[in-house]
Participant: 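One structure is given below, represented as structure tokens, and several questions about it will come after.
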Amino acid sequence: MKHAGRWKRLCCLTLVLCCLWQSALAYDKLEKGASGQQVLIMQQALASLNYGIETDGKYGPATERVVKAFQRKHDLTVDGVAGNKTLELLYSLAPGFAQAASAAPAPTAAPAPADISGVPAVVSTTGGSLNLRRRASGSADVIATIPFGASLTVTSRGAAWCAVYYDGLTGYVMTQFLRFPGDSAATPVPAAAPTAQPITPIGQLTAQVATPGGSLNLREAPRDNAKVRLTIPQGAYVTVTARGDSWCGVIYLGVSGYVMSKFLNFGASPVFTAPTLTPTAAPAASPTPLPTLAPTAAPVIVGASGVGLVTTSGGTLNLREAPSDTARVIAQLPNAAAITVLAKGDAWSSVVYNGMKGYVMSRFITVLGSAEITENEPQDEDPSAFTRVLKKGMTGADVTWVQERLISLGYALAATNVYDDATFAAVKAFQTKNGLTADGLAGSQTFSILKSGSARAASDAPLSYATLRIDDTGDGVKQLQSDLKALGYPVTVNGTYDVGTHNAVVAFQQRNSLVISGIADGLTRQVLHGGGGKPYSTPVSALPADAGKMTAPAVSQLKLLHWQNEIKPAVKAGQSFTVYDPNTGLGWTLVFYSLGRHADSQPATWQDTQIMNKSFGSTSWNIHPVYVKLPSGQWTMATMHNRPHLYGTIADNGFGGHLCVHFLRDMAEAQKNDPNYGVNNQVTLRNAWKALTGETIN
């Protein structure tokens with residue numbers, strides 16, 4: 001019996017080892033250059049875990065970057081190659097994809113057979129509608145419901161999910177609920193139900209809002225019940241990117257969405273009309289009366305056509321409904337944006353920007369002159385010096401300069417001294433060639449490129465620089481680093497977009513009046529590689545000495561809250577919260593980005609990033625205990641780092657990704673799911689709490 005028991009244990013052990021061996025061979029190695037259904041399923045699994053990844057079945061540089069991020073997070077070998085260990089862990093975290101992955105055909109270097117484009121399909125549910133989701137995951141947001149029998153276009157097909165285009169929207173649906181040409185027709189599928197005419201992409205076109213008098217809702221999707229992103233005032237101009245009989249895809253103030261086609265006038269030309277507003281009158285929507293702008297001095301009345309410029313240190317300026325820090329933000333004005341100043345006080349100014357009236361802090365704007373300045377008569381002696389955004393109908397020396405400069409570059413127009421249709425079209429063509437937003441309006445960035453030696457002529461090929469960001473590698477990164485180093489920026493030429501490169505890009509953007517993102521986009525690279533960039537020695541505005549100084553919360557105000565049980569159910573992505581570093585006495589604002597096992601977050605503004613980095617001393621993965629004031633007002637304790645990685649949603653905060661904030665979690669759960677970095681954060685958090693209160697947390 002003794003030997004029989006030993007033999008039984010040996011058999012069990014052998015069976016376990018056999019299973020483990022078979023499991024280790026379940027997934028083929030995937031690496032850069034591969035394509036096919038296995039790659040697609042891996043991408044879908046990563047997307048289901050909230051990694052920002054394109055699910056196209058092709059293992060390119062972007063997929064390699066996300067795989068590295070996954071490996072880094074889980075303390076695997078960071079080589080960007082999805083081997084057995086990486087895939088086993090991935091599919092253990094996303095088990096819904098494991099079976100499909102093990103059964104998928106081996107990847108090849110050729111285009112994936114399952115990666116198709118423009119194939120029609122019909123929704124073949126049991127009669128109900130089909131959810132169109134933002135990502136290939138059953139937990140992803142539903143952006144539309146597609147009725148039974150409706151036709152759609154499949155752009156990428158996988159075993160579990162398909163990427164589709166439907167009624168102007170792109171997203172993911174479950175493959176099992178689609179019927180493709182050639183499929184068995186055993187189950188009758190009715191003809192597609194009548195739907196609105198499709199929204200057809202048309203490039204870019206300008207239209208004017210022509211409601212009966214009220215504002216026009218900009219919605220998240222082309223449906224009456226879709227979420228309203230913002231309201232567009234009557235008479236405002238929008239950029240139309242897709243047009244249908246019922247709905248149009250548009251962009252307004254940098255926000256994209258959908259509006260009803262019947263309320264757009266496509267024959268209108270955008271000509272500025274100065275609003276007639278009383279400088280001290282409260283906005284209709286303001287819940288409180290408008291205070292006098294300057295209590296100790298009469299407001300400086302500039303007049304309805306006074307011109308000003310936004311002069312922040314590089315970030316955006318909030319346009320608010322009322323002159324108060326707590327008033328609703330209705331738009332964000334970029335640095336160097338031209339505005340109409342209606343009234344200027346010591347603290348707040350009443351302004352108009354792109355047809356929207358609101359209030360901005362006076363210290364962040366520069367008034368270019370008095371009431372004698374009109375929008376059609378620039379006073380600057382140098383016509384190439386940007387002082388206003390040029391639009392159709394304007395005249396002046398700066399208009400003539402733009403026309404002559406474009407003519408010298410071979411664009412088709414005449415120097416008429418009037419910003420006419422030909423000038424608008426030529427500016428738009430120039431912007432397209434040079435990687436700028438092609439809106440036909442000559443703003444600060446258009447002026448900057450026109451004056452630079454890197455301006456592309458009409459006969460040149462369009463600018464095509466790949467966007468580079470932290471953790472990218474390759475020759476493009478080496479070129480970026482070499483040109484930064486030549487201008488004196490402190491960077492090592494090693495072909496890896498490391499923290500030093502990220503910080504150098506931030507510094508370059510700050511000195512060259514670019515959007516401070518830390519991401520080397522096409523425009524940043526054009527200015528840098530074109531030879532017109534300003535060197536590191538260029539002076540910039542320093543962070544104010546008292547920026548971020550806060551009074552520490554009392555220990556009695558702090559309550560140690562559990563992330564999964566108490567915090568996560570009460571917060572949501574997009575909410576802001578305050579972080580305070582007890583070691584430096586500095587505080588800053590973060591925004592929740594994604595809520596998983598910890599809180600992926602991002603700095604709210606460029607100044608918040610500067611304060612955070614000043615407080616922590618350097619950009620790194622080092623763990624710092626901090627106090628956090630949640631949106632509810634309750635203070636708690638957490639730990640965090642300040643090293644950007646992957647993606648974020650705020651383009652101008654100088655961070656270029658997100659960071660991780662770790663609140664209290666059960667140690668057993670952390671050891672199971674985050675056995676290294678997650679556990680280290682929990683240990684640091686518990687030690688800090690004990691040092692502060694004397695309380696031991698298990």
Side-chain angles (χ1 to χ4, degrees), residues 17 19-36 38-55 58-102 104 106-107 136-137 469-474 494-499 594 596-598 600 620-623 639-641 643-647 657-660 662 665 667-684:
L17 289 174
C19 292
L20 289 174
W21 178 75
Q22 288 178 339
S23 173
L25 295 180
Y27 308 112
D28 292 314
K29 181 173 72 174
L30 305 177
E31 56 189 329
K32 189 175 177 181
S35 61
Q38 282 195 14
V39 177
L40 177 63
I41 294 168
M42 179 192 72
Q43 292 170 328
Q44 292 170 340
L46 287 165
S48 74
L49 297 175
N50 293 320
Y51 286 88
I53 187 170
E54 185 72 21
T55 52
K58 299 174 183 177
Y59 205 121
T63 296
E64 182 183 50
R65 180 169 61 243
V66 175
V67 170
K68 284 182 178 179
F70 177 83
Q71 292 168 330
R72 184 179 299 107
K73 182 173 183 179
H74 296 285
D75 294 314
L76 301 169
T77 300
V78 182
D79 57 7
V81 176
N84 291 333
K85 192 171 182 180
T86 297
L87 292 174
E88 285 175 358
L89 177 59
L90 171 63
Y91 294 130
S92 71
L93 298 174
F97 298 90
Q99 184 176 355
S102 62
S137 167
R469 59 197 309 142
I470 198 158
D471 294 326
D472 279 348
T473 59
N494 57 15
T496 299
Y497 203 121
D498 50 21
V499 168
S594 177
R597 293 195 183 100
H598 54 255
D600 289 339
S620 72
W621 294 101
N622 292 342
I623 299 171
T639 58
M640 62 175 288
H641 63 85
R643 204 279 193 181
H645 60 289
L646 292 176
Y647 300 91
H658 69 262
L659 53 84
C660 306
H662 292 255
R665 294 159 56 189
M667 188 61 81
E669 181 268 329
Q671 288 170 337
K672 176 183 176 182
N673 296 307
D674 298 297
N676 294 303
Y677 195 68
V679 167
N680 291 340
N681 273 273
Q682 291 304 308
V683 170
T684 302

Participant: So K58 and V39, side-chain contact (heavy atoms from CB on, under 4.5 Å) or not? Walk me through it.
Facilitator: CA-CA 6 Å; K58 299 174 183 177; V39 177; 5.7 Å; no
Participant: Using only atom types and a distance under 3.5 Å, with no angle test, would you say the side chain of H641 pairs donor to acceptor with the backbone of C660?
Facilitator: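 Flag set: sc H641 to bb C660 pair under 3.5 Å.
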Participant: Has the side chain of Y91 got a donor or acceptor atom that lies under 3.5 Å from a matching backbone atom of T86?
Facilitator: no
Participant: Holding to side-chain hydrogen bond (donor to acceptor under 3.5 Å, both in side chains), I want the full list of residues that pass it with E64, two or more places apart in sequence or in another chain.
Facilitator: none
Participant: Begin with the C-alpha distance, continue with both residues' side-chain angles, and end with the deciding distance and a verdict on side-chain hydrogen bond (donor to acceptor under 3.5 Å, both in side chains) for T63 and Q43.
Facilitator: CA-CA 7 Å; T63 296; Q43 292 170 328; 2.9 Å; yes
Participant: Any idea which heavy atoms bring L76 and F70 closest together, and the distance?
Facilitator: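 So the two residues come closest at CD1-CE2, 4.3 Å.
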Participant: Minimum heavy-atom separation for V81 and Q71, please, with both atom names.
Facilitator: O-NE2, 2.9 Å
Participant: So which heavy atom on A69 is nearest to which on L646, and how close?
Facilitator: CB-CD2, 3.3 Å
Participant: If I compare all heavy atoms of Y59 with all of V67, which pair ends up nearest, and what's the gap?
Facilitator: OH-CG2, 3.4 Å
Participant: With side chains defined as the heavy atoms from C-beta onward, is the minimum distance between V499 and R643 less than 4.5 Å?
Facilitator: yes
Participant: Go through R597 and R665 one step at a time and tell me if the side-chain contact (heavy atoms from CB on, under 4.5 Å) criterion holds.
Facilitator: CA-CA 9 Å; R597 293 195 183 100; R665 294 159 56 189; 3.8 Å; yes
Participant: Per the side chain to side chain donor-acceptor pair (under 3.5 Å) rule, which among K73, R65, H658 passes with H645?
Facilitator: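 The side chain to side chain donor-acceptor pair (under 3.5 Å) with H645 is passed solely by H658 among K73, R65, H658.
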Participant: Is K68 paired with D471 through a side-chain N to carboxylate O contact shorter than 4.0 Å?
Facilitator: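 Looking at K68 together with D471, the answer is no, because their closest N to O distance does not fall below 4.0 Å.
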Participant: Output the distance between atom OG1 (T77) and atom NZ (K85), rounded to the nearest 0.5 Å.
Facilitator: 6.5 Å
Participant: Of all residues at least two apart in sequence or in a different chain, which pass the side chain to side chain contact (heavy atoms under 4.5 Å, CB included) check with V683?
Facilitator: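 M667, V679, N687.
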Participant: Could you tell me if the side chain of N680 sits less than 4.5 Å from the side chain of I623, heavy atoms only?
Facilitator: yes
Participant: Would you check if there is a donor-acceptor pair between the side chains of N494 and D498 at a distance under 3.5 Å?
Facilitator: yes
Participant: Given side chains that start at C-beta, do those of K29 and N84 come closer than 4.5 Å, heavy atoms only?
Facilitator: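 A side-chain contact under 4.5 Å is absent here.
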Participant: Any sub-3.5 Å donor-acceptor pair from D674's side-chain atoms to A670's backbone N or O?
Facilitator: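 Checked: no pair found.
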Participant: Could you check whether any side-chain N or O of N681 sits under 3.5 Å from a backbone N or O of Y677, counting only pairs where one atom can act as donor and the other as acceptor?
Facilitator: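 Side chain of N681 to backbone of Y677: a pair is present.
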Participant: Among all residues two or more places apart in sequence or in another chain, which pass the salt bridge (Lys or Arg N to Asp or Glu O under 4.0 Å) test with R469?
Facilitator: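 Listed in chain order: nothing, the list is empty.
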Participant: Backbone N or O of N622 within a donor-acceptor pair of the S620 side chain at under 3.5 Å?
Facilitator: yes
Participant: How long is the gap from CG on L659 to NE2 on H598, to the nearest 0.5 Å?
Facilitator: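 L659 atom CG to H598 atom NE2 measures 9.0 Å (nearest 0.5 Å).
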